[in-house]
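Values below: every heavy atom of this structure, side chains too, minus hydrogens, waters and symmetry copies.
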Amino acid sequence: MPMQAHEIETLLRESFPNAEIQVGGSDGVHMSAMVVDESFRGKNRVQQQRAVYAALKGKMDGPDGDLHALALTTKAPE
């Protein structure tokens, strides 16, 4: 079942309550997200993106995942 932008944002907000989060896309399967959070400071991109995928609680896992593709931008605040 496709995920709506507000569902993705809700999951991300649970792990990153103070982050700047923008979620885009309209088909619920191919989405985009930008997460800017202080917890990313000092972490490389792979570590940052793994944290985001963990926040999505398996919604991208396996062939039955609700979210097929997520174009992801992560960074610490400037």
Q: Would you mind listing every ring-ring contact (aromatic ring centres under 6.0 Å, His included) that reaches into residues 37-59, with sequence neighbours excluded?
A: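 Counting only pairs at least two positions apart or across chains, the ring-ring contact (aromatic ring centres under 6.0 Å, His included) contacts touching residues 37-59 are Phe16-Phe40.
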Q: Looking at residues at least two apart in the chain, or sitting in another chain, which of them share a side chain to side chain donor-acceptor pair (under 3.5 Å) with Ser39?
A: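 If we apply the side chain to side chain donor-acceptor pair (under 3.5 Å) test to Ser39, skipping adjacent residues, the hits are Asp37.
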Q: Of all the heavy-atom pairs spanning Ala76 and Val36, show the shortest one and how long it is.
A: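 Scanning both residues, the minimum pair turns out to be C-CG1, 3.9 Å.
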Q: Looking at every non-hydrogen atom in both residues, tell me the closest pair between Val35 and Ala19 and how far apart they are.
A: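 For Val35 and Ala19, the tightest heavy-atom pair comes out as CG1-CB, 4.1 Å.
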Q: Going by salt bridge (Lys or Arg N to Asp or Glu O under 4.0 Å), name the pairs with one or both residues in residues 41-50, residues two or more places apart or in two chains.
A: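 Every pair satisfying salt bridge (Lys or Arg N to Asp or Glu O under 4.0 Å) with a residue in residues 41-50: Glu38-Arg41.
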Q: With sequence neighbours excluded, give me every salt bridge (Lys or Arg N to Asp or Glu O under 4.0 Å) pair touching residues 5-16.
A: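 Only Glu9-Arg13, Glu14-Lys57 qualify under salt bridge (Lys or Arg N to Asp or Glu O under 4.0 Å).
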Q: With rounding to the nearest 0.5 Å, note down the distance linking CG in Leu56 to CG in Leu67.
A: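 CG of Leu67 is found 6.5 Å from CG of Leu56.
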Q: Quick one: pull up CG in Leu70 and CE in Met3 and give me the separation to the nearest 0.5 Å.
A: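 Answer for the CG-CE pair, Leu70 versus Met3, is 9.5 Å.
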Q: Quick one: side chains of residues 27-34, donor-acceptor pairs under 3.5 Å with protein atoms, not counting sequence neighbours, listed by atom name and distance.
A:
from, atom 1, to, atom 2, distance (Å)
Asp27, OD1, Val29, N, 2.9
Asp27, OD1, His30, N, 2.7
Asp27, OD2, His30, ND1, 3.1

Q: For residues 69-78, which residue pairs qualify under side chain to side chain donor-acceptor pair (under 3.5 Å), counting only residues two or more places apart or in two chains?
A: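 Every pair satisfying side chain to side chain donor-acceptor pair (under 3.5 Å) with a residue in residues 69-78: Gln48-Thr74.
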